[in-house]
Amino acid sequence: MSPQKEDAVAVIQHEMTIGEAADQLSSALPGHRVEILQGRLTVTPPADGEHALSLTWVMRKFFAAGDEEAGLCSVQGIGLWLPTGPEDYAIPDFALVEEDFLDAKVQKNCYAPHVFRLVIEVTSSNWADDLGPKVDSYAQAGVPVYLIADRRHEEVLLYTRPHSGVYASREVFKRGMTVPLPETRGVNVELPVDRLLDGVPETT
């Protein structure tokens, strides 16, 4: 976050609750992603084109695998209400959710954790949040699968089997490898690491 944004956050937090500050920043900074992670307000600027292409490709993979026929929806940018604090919420880059997720709305356009079957984050300037607080937060929320395309460290991390607020399994995949995601209702998807990291197919 830039010094100017930090100053703005400090002023807003002094006068408002953190939830009200988040609402204010969302209105003042269109196109930015505002989240509250473990009681901390975070603001992320718009991501780059490769980031967007990676997520579009992931959505197509799940659609081709039959997510809709399995009673699931592939979505981008919807809020996940977190149990880590009274006003905590995250906005994952990509999520695979139950088809009736709209019935599980909590507030602030965020939805209850139980409708989320899988979450994917593609790192940008907020990479430390994806690798730290969000791992803990998604585990405590019971999200079954959390995948991070870590573009900063050139690898993909796969967290599964949340239990007692932590992920029991952590796997690391390097370039040239393929990530076999756990089956969800018969939906089988494998994601090449290079495509997740780069967003565009390899050229010859």
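Model, not experiment: these values are computed from the prediction.
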- Query: Salt bridge or not for Arg151 and Asp48, using N-O below 4.0 Å?
  - Reply: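 A salt bridge links Arg151 with Asp48.
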- Task: Determine, for Glu35 against Lys134, whether the closest basic-nitrogen to carboxylate-oxygen distance falls under 4.0 angstrom.
- Result: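 Here Glu35 pairs with Lys134 in a salt bridge, since their nearest N and O are under 4.0 Å apart.
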Can you measure from [atom1] ([X]) to [atom2] ([Y]) and round to the nearest 0.5 angstrom?
X	Y	atom1	atom2	result
Cys110	Ile78	SG	CD1	9.0 Å
Arg33	Leu25	CZ	CG	15.0 Å
Leu158	Ile148	CG	CD1	9.5 Å
Leu157	Glu121	CG	CD	12.0 Å
Ile36	Ile18	CD1	CD1	4.5 Å
Phe173	Glu171	CZ	CD	4.0 Å

- Linking I/L/V/M/F/W/Y whenever any side-chain heavy atoms sit under 4.5 Å apart, do Ile91 and Leu29 land together?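 Yes, Ile91 and Leu29 fall within the same hydrophobic cluster.
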Identify the two heavy atoms, one from [X] and one from [Y], that lie closest to each other, and give their separation to 0.1 Å.
X	Y	value
Ser74	Met59	O-CE, 3.1 Å
Ala139	Gly165	CB-O, 3.5 Å
Val122	Leu196	CG1-O, 4.5 Å
Pro144	Pro162	O-CD, 3.6 Å
Cys73	Asp67	C-OD2, 4.2 Å
Pro133	Gln38	O-NE2, 3.6 Å

Atom pairs and distances, donor-acceptor, side-chain atoms in residues 94-104, under 3.5 Å, two or more places apart:
unit_1: Glu98; atom_1: OE1; unit_2: Arg185; atom_2: NH1; d: 3.1
unit_1: Glu98; atom_1: OE1; unit_2: Arg185; atom_2: NH2; d: 2.4
unit_1: Glu98; atom_1: OE2; unit_2: Arg185; atom_2: NH2; d: 3.0

Side-chain donor-acceptor distances from residues 111-119 under 3.5 Å, at least two apart:
none

State, yes or no, whether a side-chain contact exists between [X] and [Y] at a heavy-atom distance under 4.5 Å.
X	Y	result
Asn126	Thr42	no
Leu131	Asp150	yes
Leu72	Val187	yes
Val179	Leu147	yes

- Task: Please determine, by modelled atom types, if Thr123 and Asp130 share a side-chain donor-acceptor pair under 3.5 angstrom.
- Result: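 Thr123 vs Asp130: no donor-acceptor pair found between side chains.
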Using only atom types and a distance under 3.5 Å, with no angle test, would you say the side chain of [X] pairs donor to acceptor with the backbone of [Y]?
X	Y	value
Lys108	Gly19	yes
Glu20	Thr17	yes
Tyr138	Tyr167	no
Asp194	Gly176	yes

- Which class fits the ring pair Trp81 and Tyr89: parallel under 30°, tilted 30 to 60°, perpendicular over 60°?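 Geometry flag for Tyr89 against Trp81: parallel rings.
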- Query: Which residue pairs pass the side chain to side chain donor-acceptor pair (under 3.5 Å) test when at least one of the two sits in residues 49-61, sequence neighbours left out?
  - Reply: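 Pairs touching residues 49-61 that pass the test: His51-Asp93.
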